[in-house]
Amino acid sequence: MDQGDEDPATLTIHDWEEYAGTLIQQREAEKERSRRRRAAAKKTEGRPPDDQQATAGRVDKTRVDKTRDIKDPLSAPPEHEAAAPAKSDPTPYVKIMQLYNEICVSFSKIQKIDGARRKAVAARFKTYPNIETFETLFRKTEASSFMKGENDRNWRADFDWIMKPTNMCKVLEGKYDDKGGPDNGNEPPSGSRYKLTGFTAAE
């Protein structure tokens, strides 16, 4: 058989080299895609799919928000906020009442300090923040014959009168101490019931 003759049993593919080259390129491309998929799978290993991640994020956020509502007072509505504790009042009301009742035995005892009386006592203690000053005040009050009614007007002092700012100051300064004379040289309190001459006495 001549070399130029073709064997009828042999299959001949035209342009084989071009076809083989294309096939090799396709296989290489497929291998590269497979490699990239494996690399991506390793990165996302252990993580839920995208839709599950989104759901998990919403659940976690809700859980955090609920926890914040319970533990964080700033996140609570105003009506549920705890009222701020009131500042402590340093005024020793009970001690002042006890001293007055124990020392000023010539005067009517007081039963409680509240209302306007409480405000007055707090104001005086702010000016004289020392319990010894109140003890001195009450001893001077008890020692004053004039304040106990030994005057030509039969006027008597009381706790509320003593707690007025100017009156407390005058008692502490000795304006109502016994000094002799019909009215012991003291100034009577002002008011419509009293005739004042030459001075002004504070209520």
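Computed over heavy atoms, backbone and side chain alike; hydrogens, waters and symmetry mates excluded.
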**Report entry** Intermediate values then yes/no, salt bridge (charged side-chain N to carboxylate O under 4.0 Å, His left out), Arg33 and Glu30
**Finding:** CA-CA 5 Å; Arg33 285 194 292 271; Glu30 180 62 29; 2.7 Å; yes
Query raised in the report: Lys164 pairs by side-chain contact (heavy atoms from CB on, under 4.5 Å) with which of Asn167, Thr166, Ile162?
Result: Asn167
Requested in this report: Find out whether Phe146 and Trp155 are in side-chain contact, i.e. whether some heavy atom of one side chain is under 4.5 Å from a heavy atom of the other.
Outcome: yes
Query - Contacts of type side chain to side chain donor-acceptor pair (under 3.5 Å), residue Lys140, not counting sequence neighbours - result: Asp177
Requested in this report: Using side chain to side chain donor-acceptor pair (under 3.5 Å) as the criterion, list what pairs up with Arg139, not counting sequence neighbours.
Outcome: Glu135
Requested in this report: First locate atom NZ of Lys175, then atom SG of Cys169, and finally report the distance between them rounded to the nearest 0.5 Å.
Outcome: 7.5 Å
Report task. For Arg27, check side-chain contact (heavy atoms from CB on, under 4.5 Å) against everything at least two apart and list the hits. Result -> Leu23
Query - Any side-chain heavy-atom pair of Val171 and Met147 under 4.5 Å - result: yes
Report task. Using salt bridge (Lys or Arg N to Asp or Glu O under 4.0 Å) as the criterion, list what pairs up with Asp160, not counting sequence neighbours. Result -> Arg117
Side-chain donor/acceptor pairs under 3.5 Å, residues 106-116, sequence neighbours excluded:
| unit_1 | atom_1 | unit_2 | atom_2 | d |
| --- | --- | --- | --- | --- |
| Ser106 | OG | Glu142 | OE1 | 3.4 |
| Ser106 | OG | Glu142 | OE2 | 2.6 |
| Lys109 | NZ | Asn101 | O | 2.9 |

Requested in this report: Using the test side chain to side chain donor-acceptor pair (under 3.5 Å), find all partners of Gln98 that sit at least two apart in sequence or belong to another chain.
Outcome: none
Query - Partner set under side-chain contact (heavy atoms from CB on, under 4.5 Å) for Arg36, not counting sequence neighbours - result: Glu32
Report summary line: With sequence neighbours left out, the residues meeting side chain to side chain donor-acceptor pair (under 3.5 Å) with Tyr128 are none
Query - Closest contact, heavy atoms only, Asp178 versus Ala143 - result: OD2-O, 3.4 Å
Requested in this report: Could you list the residues that satisfy side-chain contact (heavy atoms from CB on, under 4.5 Å) with Lys119, not counting sequence neighbours?
Outcome: none
Report summary line: Closest non-hydrogen atoms of Leu137 and Met163, given as atom of the first, atom of the second and distance, are CD2-CE, 3.6 Å
Report task. Please identify each residue that fulfils side-chain contact (heavy atoms from CB on, under 4.5 Å) with Ala123, with sequence neighbours left out. Result -> none
Query raised in the report: With sequence neighbours left out, what residues match Arg38 under salt bridge (Lys or Arg N to Asp or Glu O under 4.0 Å)?
Result: none
Query raised in the report: What orientation do Tyr176 and Trp161 show, parallel under 30°, tilted 30 to 60°, or perpendicular over 60°?
Result: perpendicular
Query raised in the report: Using the ring of each side chain (for Trp, its six-membered ring), is Phe138 parallel, tilted or perpendicular to Phe159, with breaks at 30° and 60°?
Result: tilted
Query raised in the report: To the nearest 0.5 Å, what is the distance between OG1 (Thr91) and CZ (Phe134)?
Result: 8.0 Å
Report task. Check whether the side chains of Thr127 and Arg124 place a donor and an acceptor atom closer than 3.5 Å, and report yes or no. Result -> no
Query raised in the report: Quick one: CG on Asp158 to OH on Tyr100, what's the gap to the nearest 0.5 Å?
Result: 6.5 Å
